[in-house]
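Here is the structure we will look at.
Worth saying up front: this structure is predicted, and the values here are computed from it rather than measured.
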Amino acid sequence: MQTIKEILSSRLRAAFAAAFPEADLSALPLDAVPAAGESFGDYQCNAAMAASKILRQPPRAIAEQAVARLDATGLLARADIAGPGFINLTLSDDALARHLEALQADALLGVPRPGDGKTVILDYSSPNVAKPMHVAHIRSTVIGDALKRIHRALGYTVLGDNHLGDWGTQFGILIMGYRHFLDPKALETSPVDELQRVYVLSHQQCEEDPAWKDQARAELVKLQAGDPENRALWQQFIDLSLAEFNRIYARLGVSFELVRGESFYHDALPGVIEKLQSLGLVRESEGALVAFLDDEKLPPCIVRKSDGGYNYATTDLATVFSREAEFHPDAIVYVTDERQQLHFRQFFAVAKKAGAKTHLRHIWFGLMRLPEGLLSTRKGTAIKLDLLLDEAERRALEIVKTASPDMPEDQQLAVARAVGIGAVKYADLSQNPQSAVTFTWEKALAMDGNSAPYLQYAVARIASVIDKHQERFPGVDFMQEPISLDSPHARRLALRLARHADAVLDAAAQEKPSLLADHLYDLSQAYSSFYQNVPFLKAEAGLRESRVRLCDLAAKILRHGLTLLGIDTPERI
Ligand code: ARG
């Protein structure tokens, strides 16, 4: 099914082509975009201004010629020219209503599948072994998972790969720490904390005592050479860390198709160096092997250190080549915090020179600030995700108990889980990932603002309208009644419902789940004013069913959108 924007855009393209058959208009923004405000119609097209230079005519004259050839049949109530040459498009109520009926009949709710036959690898979460996950990994996990769901809805085959930091110099230090400082009891009760603790102690020793540092390096060399004892220790670090990470993933409802840490690529690293050398992309500099990126105006990228060790970039290059050979992806998308931008620019540049064909994209986000006193039981400096989620569920339970005191307790707990986890995720996903945000409980759990509970509550409220209709008018099938848009409230809601597919497409194209969140919030507000201003169950027969039918579609679309963000929608709150 075509989206409204696609239908409008193809008519606009045809109109411009018919009006200016001689001109090459391929560079023009001929797409329809949602109108900037209601007074400008439903959609607008801004191409006439840009076309003015190409066609050497005033924009208004261009707009007039295009509009004269615009096919409005079965689609538009009007096409107006405004200001310097904007084309403002207003859909006919009939076209809008029929489009919604088609969406409702479509199992995919009108979301197209441009990704069919294409593969995307999403590299996200990727915490480091033997260290607690920190806020950046949590954001990466939540954003990466939403991007995976969004791409899947568009037909892409998506492989989520958890690229664990499970290799490198820290393991020599950790092995020394483990042998000298371990508290076995603590390892049992909170293994990752204990590993982190002994690592920190050993790291301090390295700074103070060169002999300790040498010993740590020797342990690393042994590990990399396959020494059975060190290998077993290393495997234990991974198993303990993964057990803890997996518990968090389960709570968040996140999973991966692949969990390939950096160690997976260890044996491929010398081959990467040979490849770069044979292509003449690297040269020796102060004992290290370096790719110079002057053309790209980037600092040089070290691929082998003077001590013979490999770098983060080397592993990432090996990873790209391995993923290309095995999965032939169309794109690889990496989700990390902003501090890694330079790393990705550098290794993308080297990968391209070395012949990588895949579209490589780094999606970065700012660090979310967690204000002091966020958690009543906060200990240490690393924010503990478990504690954050516990507190979210506890606070959500209070909301649920107030809203539904008569609900059985186990159901209250299940709903509180969905609301609490949803609130934490949505607080993250609803922000433009690149702007700095501060997490607060007031915002995350606001029942009257842009929050998961608000949207979840909207879905539950809509569902109850449909249930009530069934109770009061048993056997009356609202789907038999055509949708009618007989009030401005209904029309505003209809327009948002029709935009859903485009919002999913935009979120994927810009790799920003926040665009989908914005749309869902906008939609739920339009629903809210529809609900408050238009009677449903008290309306006359026919009209009543038409309105309930619109509610049903609103519930389906909100649920669909929230699911793509990884947020559950309980039947009741
Ligand atoms: N482990 C890294 C970190 O914690 C993130 C890895 C991101 N993925 C990648 N292919 N470099 O900072």
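For residues 7-36, there are no ring pair (Phe, Tyr, Trp, His ring centres under 6.0 Å) pairs, not counting sequence neighbours. Applying the salt bridge (Lys or Arg N to Asp or Glu O under 4.0 Å) rule to pairs touching residues 87-109 yields Asp93-Arg491, Asp94-Arg98, Arg98-Glu101, sequence neighbours excluded.
Looking at Arg13 and Asp31, a side-chain N of the basic residue comes within less than 4.0 Å of a carboxylate O on the acidic one, giving a salt bridge. Under a 4.0 Å N-O distance rule, the pair Arg260/Glu326 qualifies as a salt bridge. The pair Arg544-Glu481 does not meet the salt-bridge criterion, since no charged nitrogen lies less than 4.0 angstrom from a carboxylate oxygen.
To the nearest 0.5 Å, atom CG of residue Asn432 and atom CZ of residue Phe365 are 13.0 Å apart. The structure places CG of Leu495 at 4.5 Å from CG of Asp42, a figure rounded to the nearest 0.5 Å. Rounding to the nearest 0.5 Å gives a distance of 6.5 Å between CG of Leu25 and CG of Leu30. Rounding to the nearest 0.5 angstrom, the gap separating the CD1 atom in Ile399 from the CD1 atom in Ile573 is 8.5 Å. Taking CG from Leu103 and NZ from Lys556, the interatomic distance works out to 11.0 Å, rounded to the nearest 0.5 Å. Atom CZ of Arg461 is separated from atom CZ of Arg572 by 15.0 Å, given to the nearest 0.5 angstrom.
Relative to the ring axis of Tyr531, Arg547 does not place its NZ or CZ within 45° and under 6.0 Å from the centre.
Considering only residues two or more places apart in sequence or on other chains, Lys443 meets the side chain to side chain contact (heavy atoms under 4.5 Å, CB included) condition with Thr440. Every side-chain hydrogen bond (donor to acceptor under 3.5 Å, both in side chains) that His362 has, sequence neighbours left out, goes to Thr336. Residues passing the salt bridge (charged side-chain N to carboxylate O under 4.0 Å, His left out) test with Glu571 are Arg559, sequence neighbours excluded. Applying the salt bridge (charged side-chain N to carboxylate O under 4.0 Å, His left out) criterion to Asp116, with sequence neighbours excluded, gives Arg113.
Within the 4.5 Å cutoff, side-chain heavy atoms of Pro433 are placed close to those of Lys512. Two residues are said to be in side-chain contact when any heavy atoms from C-beta on lie closer than 4.5 Å; Asp24 and Ile54 fail this criterion. Side chains of His500 and Val111 form a contact here, defined as non-hydrogen atoms less than 4.5 Å apart. You'll find the side chain of Val120 stays beyond 4.5 Å of the side chain of Thr157, heavy atoms only.
Panel note: side chain Glu257, backbone Gly160; a donor-acceptor pair is recorded below 3.5 Å. Not a single donor-acceptor pair under 3.5 Å links the side chain of Asp330 to the backbone N or O of Lys118. Looking at Asp71, its side chain never comes within 3.5 Å of a backbone N or O of Arg11 through a donor-acceptor pair. Under a 3.5 Å cut-off, the side chain of Arg69 and the backbone N or O of Gln65 do form a donor-acceptor pair. Counting only distance, with no hydrogens or angles, the side chain of Lys357 and the backbone of His328 share no donor-acceptor pair below 3.5 Å. No donor-acceptor pair under 3.5 Å is formed between the side chain of Ser546 and the backbone N or O of Gly542. The backbone N or O of Tyr454 sits less than 3.5 Å from a side-chain atom of Ser451, completing a donor-acceptor pair.
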Start with the C-alpha distance between Glu324 and Thr358, add both sets of side-chain angles, then the distance that settles side chain to side chain donor-acceptor pair (under 3.5 Å), and finish with yes or no.
CA-CA 7 Å; Glu324 281 196 337; Thr358 313; 2.6 Å; yes
Could you go through Asp502 and Lys5, starting from their C-alpha distance and side-chain angles, then the distance that decides it, and tell me whether this counts as salt bridge (charged side-chain N to carboxylate O under 4.0 Å, His left out)?
CA-CA 7 Å; Asp502 287 316; Lys5 181 177 160 171; 5.7 Å; no
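Within a 6.0 Å sphere centred on OH of Tyr457, other residues, nucleotides and ligands contribute 12 heavy atoms or fewer. In the displayed structure, Arg247 atom CZ is contacted under 6.0 Å by more than 12 heavy atoms of other residues, nucleotides or ligands.
Using the six-membered ring where Trp is involved, Phe536 and Phe530 have ring planes that are tilted, between 30° and 60° apart. Ring-plane geometry between Phe256 and Tyr249 is classed as perpendicular, the angle between the planes exceeding 60 degrees on a 0 to 90 degree scale with a lower cut at 30. Under the 30°/60° scheme for interplanar angles, the aromatic rings of Tyr334 and Phe348 are found to be tilted.
The closest side-chain donor-acceptor pair between His469 and Glu545 falls under 3.5 angstrom. Residues Glu338 and Trp364 bring no donor and acceptor atom of their side chains to less than 3.5 Å of each other. Under 3.5 Å, the side chains of Asp477 and Gln480 contain a donor-acceptor pair of N or O atoms.
The residue from Glu398, Glu393, Glu391 that alone fulfils the salt bridge (charged side-chain N to carboxylate O under 4.0 Å, His left out) condition with Arg395 is Glu391.
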